[in-house]
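All heavy atoms count here, side chains included; hydrogens, waters and symmetry mates do not. Note on naming: letters A, B, ... go to the chains in the order of the sequence lines (proteins, then strands), and numbering restarts at 1 for each one.
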Amino acid sequence: MTVRTRFAPSPTGYLHIGGVRTALFNWLLAKRHGGQFILRIDDTDQERHVDEAVGKIVDGFRWLDMLWDEGPEVGGPHGPYYQSQRQHLYREAVDKLIAAGVVYRDYSTDAEREVGREAAKKAKQPYRFRRIEYSDADLKRFEDEGRPFALRFEVPTGRTLVLNDLVKGEVSFNTDEIGDFVIVRPGGQPLYNFASVVDDVEMRITHVVRAEEHLSNTFPQLLVLEALGATPPAFAHVPYVAEPGSHAKMSKRKTEEYEKRGILIFLHQYIERGYLPHALVNYLARLGWSFDDTQELFTRAELIEKFSLGRVNSSPASLDPDKLFWIEGHWMKEAPMEEKVAGAIPFLKAAGLVSDPISDDDRALLEAVILALGDRMKTFSDVVKLGRFFFDDEVAYDPDAVKKRLRKPGVPEMLRELDALLAETEPYDLPTLEKAVHDYAEKSGRKMGDVVNPLRVATTGQGVGPGLYDCLFLVGRDRCRARIAKAIGMLEAGA
RNA sequence: GGCCCCGUCGUCUAGUGGUUAGGACACAUGCCUUUCACGCAUGCAGCACGGGUUCGACUCCCGUCGGGGUCACCA
């Protein structure tokens with residue numbers, strides 16, 4: 001039997017990082033066994049902007065390079081892949097359940113149920129709906145007056161249900177704890193616990209891997225599965241993702257607070273910051289899963305080869321931005337030039353530093369800058385953050401660097417001498433520049449650091465960055481000399 | 001509140017009765033070095049608590065505490 005997994009987001013907001021991890025586990029499991037990963041849109045609620053939201057979701061998956069074998073835009077033999085378009089299947093399943101005698105018409109009103117809930121609350125007991133017995137006459141009257149009714153599943157009491165969860169292990173649940181639940185609303189809308197089961201069966205899903213908040217929901221679903229006469233899929237409930245440095249669950253309500261603390265919880269935020277797709281995938285795979293006691297870095301192929309649900313932890317894991325960043329740095333180092341160039345261009349364009357489309361000259365400069373930046377480039381956006389001065393003729397001086405390296409006695413005089421040096425360096429290339437600066441330091445009796453650092457700040461505006469000679473060369477003789485002049489002017493005006 | 005899940009360094013984790021409790025990120029220090037980054041070396045730091053079971057518990061059992069979920073005509 002081929003393994004079939006699915007990820008079924010509701011098209012409401014953006015993709016949450018925890019959801020991405022759940023999807024990744026599903027994807028890895030399917031790929032590990034040469035099976036299929038299915039994307040299904042749980043839109044029973046019929047939100048307004050479904051198309052737009054689905055577009056963002058599929059873009060996200062494409063960015064992650066987690067392609068789905070069946071689902072929106074690609075179709076498949078078990079479509080449609082939108083719950084809102086599968087009404088006929090739910091109708092069929094409802095008929096089956098009616099024939100099996102496990103569902104009934106519930107004519108209760110909001111007010112009636114509210115009374116029950118209040119009573120339960122007062123008695124400090126959990127509220128559980130049980131079938132209200134009506135006389136035949138009442139039933140006939142309700143029917144005649146067309147009173148709306150919901151379809152409820154009649155839960156058999158006194159049974160113990162056992163689930164062998166692939167992550168949590170054996171979990172038992174008594175059906176006395178489950179109230180009769182609605183499977184279809186009066187308006188005909190099927191509800192999650194029912195629709196999702198019907199879809200999983202029809203789509204031949206073999207492994208349901210989802211967030212642990214669904215663990216309790218699994219038991220009513222098991223009842224539906226049984227009544228449908230279907231073989232239940234295997235279940236695996238993965239723990240939630242907690243906030244950095246704590247075990248508190250991440251909450252959508254705290255989005256603003258996270259924003260302030262610099263915690264990224266939505267996929268699009270990582271895309272916007274210039275993260276490498278595979279770095280995120282590697283990090284998320286290791287969040288709650290491990291292969292052994294040492295390996296942290298995995299290629300995509302290794303992940304697929306080594307993933308297993310048995311090694312998914314049963315306790316929550318908290319997001320660690322520092323570790324993600326470390327993994328990001330590793331994979332960025334490994335990334336081929338071509339990928340770095342392609343990844344950086346959008347950020348340069350957005351900053352207005354290159355034209356759209358990028359010119360051949362700028363592309364060549366970009367490659368040289370990426371080479372010079374080396375492993376200082378951690379994310380694609382770093383090209384702008386650390387290398388702006390290569391592309392922009394204007395230079396902005398970092399006040400701290402100026403204070404530390406330029407506002408020192410004798411610096412303007414030295415900069416004049418260095419300007420003269422650059423003017424006559426011939427040819428203006430790396431080895432010649434390096435020799436010239438070395439000779440200058442020696443002749444003037446200065447330490448290299450006392451020459452190099454002020455010169456770096458004067459020509460780049462920054463105290464940190466690539467090697468000085470790379471900077472001097474790539475910025476070019478004319479721009480270097482203009483910047484030195486500007487720095488001297490600034491120092492003399494400020495002194 | 002009932003029921004269910006979970007609890008090893010700050011964080012991610014290894015560990016299934018006998019280990020100096022291992023690795024990684026972060027942090028600290030040193031080395032390398034023109035800055036930063038990389039790299040290398042060293043260090044700091046953990047079995048939530050209390051009872052059992054056992055010759056012996058991080059590992060098994062019970063309880064407490066803490067975190068989470070669920071108890072919807074949401075997903």
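For A:Arg113 and B:C71, the CZ to P distance is 15 Å, given to the nearest whole Å. Counting to the nearest Å, the P atom of B:A72 and the NZ atom of A:Lys121 are 13 Å from each other. We find that CZ of A:Phe7 is positioned 16 Å from P of B:A75, with the value rounded to whole Å. A:Leu297 has its CG atom 12 Å from the P atom of B:A24, to the nearest Å. Distance CZ (A:Arg286) to P (B:U11): 15 Å, rounded to an integer number of Å. Going from atom CE of A:Met377 over to atom P of B:C38 covers 15 Å, rounded to whole Å. Look at CZ on A:Phe194: it is 17 Å from C1' on B:A72, rounded to the nearest Å. Computed from coordinates, the A:Trp289 CH2 to B:G23 P distance equals 20 Å when rounded to whole Å.
Pairing for B:C49 goes to B:G63, judged as Watson-Crick or G-U wobble with the two contacts each under 3.5 Å. A 3.5 Å limit on both hydrogen-bonding distances identifies B:C27 as the Watson-Crick or G-U partner of B:G43. Using the Watson-Crick or G-U wobble rule with both distances under 3.5 Å, B:A21 pairs with nothing in any strand shown. Across all strands shown, B:A57 forms no Watson-Crick or G-U wobble pair with both distances under 3.5 Å. Using Watson-Crick or G-U wobble geometry with both donor-acceptor distances under 3.5 Å, B:G2 finds its partner in B:U70. Taking a pair to require two hydrogen-bonding distances under 3.5 Å in either a Watson-Crick or a G-U wobble arrangement, B:A75 remains unpaired. Base pairing of B:U33 is not made with any nucleotide, judged by Watson-Crick or G-U wobble geometry with both donor-acceptor distances under 3.5 Å.
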Trace of the ring-ring contact (aromatic ring centres under 6.0 Å, His included) decision for A:Phe149 with A:Phe142: CA-CA 9 Å; A:Phe149 59 86; A:Phe142 290 157; over 10 Å; no
Each nucleotide N or O in nucleotides 26-35 of chain B that has a protein N or O under 3.5 Å away: list the pair and distance.
{"residue": "B:U34", "atom": "O2'", "partner": "A:Asn453", "partner atom": "OD1", "Å": "3.2"}
{"residue": "B:U34", "atom": "O2'", "partner": "A:Asn453", "partner atom": "ND2", "Å": "3.4"}
{"residue": "B:U34", "atom": "O2", "partner": "A:Arg456", "partner atom": "NH2", "Å": "2.6"}
{"residue": "B:U35", "atom": "O4'", "partner": "A:Asn453", "partner atom": "OD1", "Å": "3.1"}
{"residue": "B:U35", "atom": "O2'", "partner": "A:Gly463", "partner atom": "O", "Å": "3.1"}
{"residue": "B:U35", "atom": "N1", "partner": "A:Arg456", "partner atom": "NH2", "Å": "3.3"}
{"residue": "B:U35", "atom": "O2", "partner": "A:Gly463", "partner atom": "O", "Å": "3.4"}
{"residue": "B:U35", "atom": "O2", "partner": "A:Gly465", "partner atom": "N", "Å": "2.9"}
{"residue": "B:U35", "atom": "O2", "partner": "A:Gly465", "partner atom": "O", "Å": "3.4"}
{"residue": "B:U35", "atom": "N3", "partner": "A:Arg456", "partner atom": "NH2", "Å": "3.4"}
{"residue": "B:U35", "atom": "N3", "partner": "A:Gly465", "partner atom": "O", "Å": "2.7"}
{"residue": "B:U35", "atom": "O4", "partner": "A:Arg376", "partner atom": "NH2", "Å": "3.2"}

Report, one pair per line, the protein and nucleotides 63-70 of chain B atoms (nitrogen or oxygen only) whose separation is under 3.5 Å.
{"residue": "B:G67", "atom": "O2'", "partner": "A:Tyr240", "partner atom": "OH", "Å": "2.9"}
{"residue": "B:G67", "atom": "O2'", "partner": "A:His247", "partner atom": "O", "Å": "3.0"}
{"residue": "B:G69", "atom": "O2'", "partner": "A:Glu213", "partner atom": "O", "Å": "3.1"}

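The aromatic ring centroids of A:Trp289 and A:Phe298 lie less than 6.0 Å from each other. Checked against the 6.0 Å centroid criterion, the rings of A:Phe307 and A:Phe25 qualify as a close aromatic pair. Between A:Phe61 and A:Phe7, the distance from one ring center to the other falls under 6.0 angstrom. Aromatic ring centres of A:Tyr192 and A:His214: separated by under 6.0 Å.
Across all strands, A:Ser108 comes closer than 4.0 Å to base atoms (heavy-atom distances). Using a 4.0 Å heavy-atom distance criterion, A:Lys333 is classed as a sugar-phosphate-only contact. Among the protein residues, A:Arg446 comes within range of no part of the nucleic acid, since none of its heavy atoms lies under 4.0 Å from any strand.
Of the possible polar contacts, one joining the A:Arg311 side chain to the A:Phe291 backbone as a donor-acceptor pair under 3.5 Å is found. Under a 3.5 Å cut-off, the side chain of A:Glu302 and the backbone N or O of A:Thr299 do form a donor-acceptor pair.
Across the interface with RNA chain B, nearest-nucleotide mapping of A:Lys378 and A:Arg152 shows A:Lys378 to be the residue nearer the 5′ end. Comparing A:Ser246 and A:Leu324 by the nucleotide of RNA chain B that holds the closest heavy atom to each, the one mapping nearer the 5' end is A:Ser246.
Checked by atom type, the side-chain pair A:Thr379/A:Arg273 shows no donor-acceptor distance below 3.5 Å.
Between the P atoms of B:C4 and B:G43, the separation comes to 46 Å (whole Å). Spacing between B:U8 and B:U70 at atom C1', rounded to whole Å, works out to 28 Å. Nucleotides B:C58 and B:G15 place their C1' atoms 8 Å apart, quoted to the nearest Å. Separation of the P atoms belonging to B:C5 and B:A41 is 44 Å when rounded to the nearest angstrom. Straight-line distance between the C1' atoms of B:A75 and B:G51: roughly 42 Å, to the nearest whole Å. Only the C1' atoms considered, B:C62 is 31 Å distant from B:A45, to the nearest whole Å. Spacing between B:U59 and B:A21 at atom P, rounded to whole Å, works out to 14 Å. Distance noted for atom C1' between B:A14 and B:C73: 47 Å (whole Å).
In this structure, A:Tyr428 and A:Phe473 have parallel ring planes: the angle between them is below the 30° cut-off, well short of the 60° mark.
The side chain of A:Leu191 lies closest to B:A75, out of B:A75, B:G23, B:G2. Comparing atom distances between the A:Arg117 side chain and each of B:C73, B:A75, B:C6 picks out B:C73 as nearest. Listed nucleotides: B:C71, B:C5, B:C6. Nearest to the side chain of A:Arg128: B:C71.
The shortest side-chain heavy-atom distance between A:His237 and A:Thr218 falls under the 4.5 Å cut-off.
For A:Gln295 against B:G23, a side-chain-to-base donor-acceptor contact under 3.5 Å is absent.
Salt bridge present: A:Asp180 and A:Arg130 bring a charged side-chain N and a carboxylate O closer than 4.0 Å.
Here A:Ser290 reaches the OP1 or OP2 of B:A14: one of its side-chain N or O atoms lies under 4.0 Å away. The side chain of A:Asn313 places an N or O atom within less than 4.0 Å of a non-bridging phosphate oxygen (OP1 or OP2) of B:A14.
Cation-pi check for A:Arg40 over A:Tyr81 is not met; the charged atom does not lie both under 6.0 angstrom from the ring centroid and within 45 degrees of its normal.
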